[in-house]
2 protein chains.
Amino acid sequence: MPPFETRPIQVQYLKAACSSCSVLELCLPLGLSHQEVERLDTLILQRVRVKKGHTLYRAGDPLSSLYAVRLGFFKTSVLSVDGREQVTGFQMAGEILGLDAISSNLHACSAFALEDGEVCPIPFAQLEQLSQALPSLQHNLNKILSREIVRDHSMLLQMGNMNADERLAAFLLNLSQRLSLRGYSSRAFVLRMRREEIGSYLGLRLETICRCIAHLRDQGLVIIDGKQVQILDLEGLKQRVAGCHNAARE
Amino acid sequence: MPPFETRPIQVQYLKAACSSCSVLELCLPLGLSHQEVERLDTLILQRVRVKKGHTLYRAGDPLSSLYAVRLGFFKTSVLSVDGREQVTGFQMAGEILGLDAISSNLHACSAFALEDGEVCPIPFAQLEQLSQALPSLQHNLNKILSREIVRDHSMLLQMGNMNADERLAAFLLNLSQRLSLRGYSSRAFVLRMRREEIGSYLGLRLETICRCIAHLRDQGLVIIDGKQVQILDLEGLKQRVAGCHNAARE
DNA sequence: CGTCACGTTGACTCTGTTCAATGCTAGTGG
DNA sequence: CCACTAGCATTGAACAGAGTCAACGTGACG
């Protein structure tokens, strides 16, 4: 186990308000009226800084809050009985952490910061209470939960039907698309996770990730130097994924 | 494509009421007071019969209702761009179909009946409306959505970290456990799906499923004759899954 | 009785894993 | 300042597990 897994999180309190947040339209308040956002603000009392390598919560912890990522990059993962890690997702600004805890009031996975970041804790009991009064807030929460289900199903499709190169291409495209939604370049970005974590997420070994990076590089689709990614041929990458398995094989 | 994919569903109206349903405590009304269930009953106007081989809804259909399975056995699946099927789940009595449609108001997967069954359509707009008035109903919906996320994550763990034998063992144990929750035998049951569908669900080919069945049989853990399953050694099967990959390998 | 869909098994192939060696970078301590 | 270490990334070679292709069996059903 990496050493950082034993460090507790360091909490620093900062003022928070959805109404002045830059990822407002990607997050829980999406589509709410100004007045509704102000009521939601009454729940979001603070931002919490999480330093790189620290844990926001662990599998088994009781659910107190969901966490909206405001800044930074997180991974969530579950452990198999024999201690193997399965990364279940990478989250960036505007995405919500902790959804899987609602079912049992215990977190089913752990959340780690892959770089320094900030999250807005959303006390869940109060969120449910407030969403009694705000239909559109309740609807948003339902949508966010459902979106996570859709995302998981597409991961299952990747794991079940795509080969290693295709999975990596799909992974890079997914990052590219989410980053561009947040105003960053879709063609140049930095991987915040290690090869091993990408591999775990995609159901592959880290060596396979290295080799797939080499394949995509040799085909002139991307340049990946360490954690620095440059996408040379976005369309080519997309074709690689669409022509899923067997089709258009070299 | 199998021929039944083109048949429309045949709708037959039957009286329905959660308050008199046998899977009440596994379904949406879980934990609701008698009065609350009666209000929920006002939404559940009918049961719909779905005959084996028929489609309840298809990917792309607009979301009008969620469906509670009352009887029978369903599969849900998504298609990849090039027409490959990925089975995302098998649903039995008390489980809810259509959750992935909430995110976009369009069904993201299709639902097929693997045997004659009955579902209770739950008009989603009205469900959201009613859950404004009934906090515990809203809470249940949240829980059900979250439970699906947890389930998907455990499927990702299976696909990412388990070999073929382990996945099949986990699959059989999961069926066994859900059936026993519903009052059926946990040691003898019938597979409602074909080998190919099991394979798609587990990210394997149908031939691999056959071979894994043979492996488990040769180890004296199960007897599987066609669709008839008999579990001889429940504990042995569990060990097979827990000692996930590499551990306790023969 | 013949057809068709499904299931089983074998032989061979191939993709991804495993194991190992090597390189690179950042951090640490003498 | 440099030697040393630790963690991460890359690459090669050998191996193994699952895929592919093909043949055959079986049971349901018109």
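Predicted, not measured: the structure shown is a model, and the values here were computed from it. Lettering follows sequence order; numbering is per chain, from 1. Keep in mind that the numbers below use all heavy atoms, side chains included, and drop hydrogens, waters and symmetry copies.
- With contacts defined as side-chain heavy-atom distances shorter than 4.5 Å, the pair Lys75(A)/Glu197(A) qualifies.
- Counting any heavy atom pair closer than 4.0 Å across all strands shown, Leu204(A) reaches sugar-phosphate atoms only and no base atom.
- Between Arg194(B) and Glu196(B) there is a salt bridge, since a side-chain N of the basic residue sits under 4.0 Å from a carboxylate O of the acidic one.
- Taking atom CG of residue Asn161(B) and atom P of nucleotide dT18(C), one finds them 10 Å apart after rounding to whole Å.
- Atom-to-atom, CG of Asn163(B) to C1' of dG19(D) comes out at 15 Å; the value is rounded to the nearest Å.
- Among the protein residues, Gly203(B) comes within range of the sugar-phosphate backbone only, with heavy atoms under 4.0 Å from sugar or phosphate atoms but none that close to a base.
- On a pure distance criterion of 3.5 Å, a polar donor-acceptor pair joins the side chain of Glu207(B) and the base of dC21(D).
- Between the CZ atom of Arg205(B) and the P atom of dG16(C) there is a distance of 13 Å, rounded to whole Å.
- Axis orientation changes by 30° from one end of the helix from dC1(C)-dG30(D) to dG30(C)-dC1(D) to the other, with each end axis drawn from 5 pairs and the value rounded to 10°.
- Rounded to an integer number of Å, the gap from CZ of Arg84(A) to P of dT17(C) is 12 Å.
- For the pairing with Val50(A), the side-chain contact (heavy atoms from CB on, under 4.5 Å) check across Leu56(A), Leu71(A), Asp116(A) returns one residue only, Leu56(A).
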**Request:** For the pair Leu63(A) and His107(A), evaluate side-chain contact (heavy atoms from CB on, under 4.5 Å) and give the outcome as yes or no after the intermediate values.
**Result:** CA-CA 6 Å; Leu63(A) 166 66; His107(A) 285 283; 4.1 Å; yes
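- The residues Glu95(B) and Arg182(B) are annotated as salt-bridged, a charged nitrogen and a carboxylate oxygen being separated by less than 4.0 angstrom.
- Side-chain atoms of Glu197(A) and base atoms of dC8(D) include no donor and acceptor less than 3.5 Å apart.
- At a cut-off of 3.5 angstrom, counting only N and O atoms as typed in the model, there is no donor on one side facing an acceptor on the other between the side-chain of Arg211(B) and the base of dG19(D).
- Nucleic acid contact class of Arg217(B) (heavy atoms, under 4.0 Å, all strands): sugar-phosphate only.
- Ile209(A) has its CD1 atom 15 Å from the P atom of dC8(D), to the nearest Å.
- With hydrogens and angles ignored, no donor-acceptor pair under 3.5 angstrom links the side chain of Arg167(A) to the base of dG16(C).
- Under a 4.0 Å N-O distance rule, the pair Glu118(A)/Arg49(A) qualifies as a salt bridge.
- The distance between atom CG of Leu202(B) and atom P of dG19(D), rounded to the nearest whole Å, is 11 Å.
- Partners of Val222(B) under the side-chain contact (heavy atoms from CB on, under 4.5 Å) rule, at least two apart in sequence or in another chain, are Leu172(B), Leu216(B), Ile224(B), Ile231(B), Leu237(B).
- In this structure, Met193(A) places its CE atom 18 Å from C1' of dG7(D), rounding to the nearest Å.
- Which of dT10(D), dA9(D), dT20(D) sits closest to the side chain of Lys227(A) comes down to dA9(D).
- When the C1' atom of dT18(C) is taken as reference, atom CZ of Arg195(A) falls 20 Å away, rounded to whole Å.
- Look at Thr208(B) and you'll find a side-chain N or O under 4.0 angstrom from OP1 or OP2 of dG19(D).
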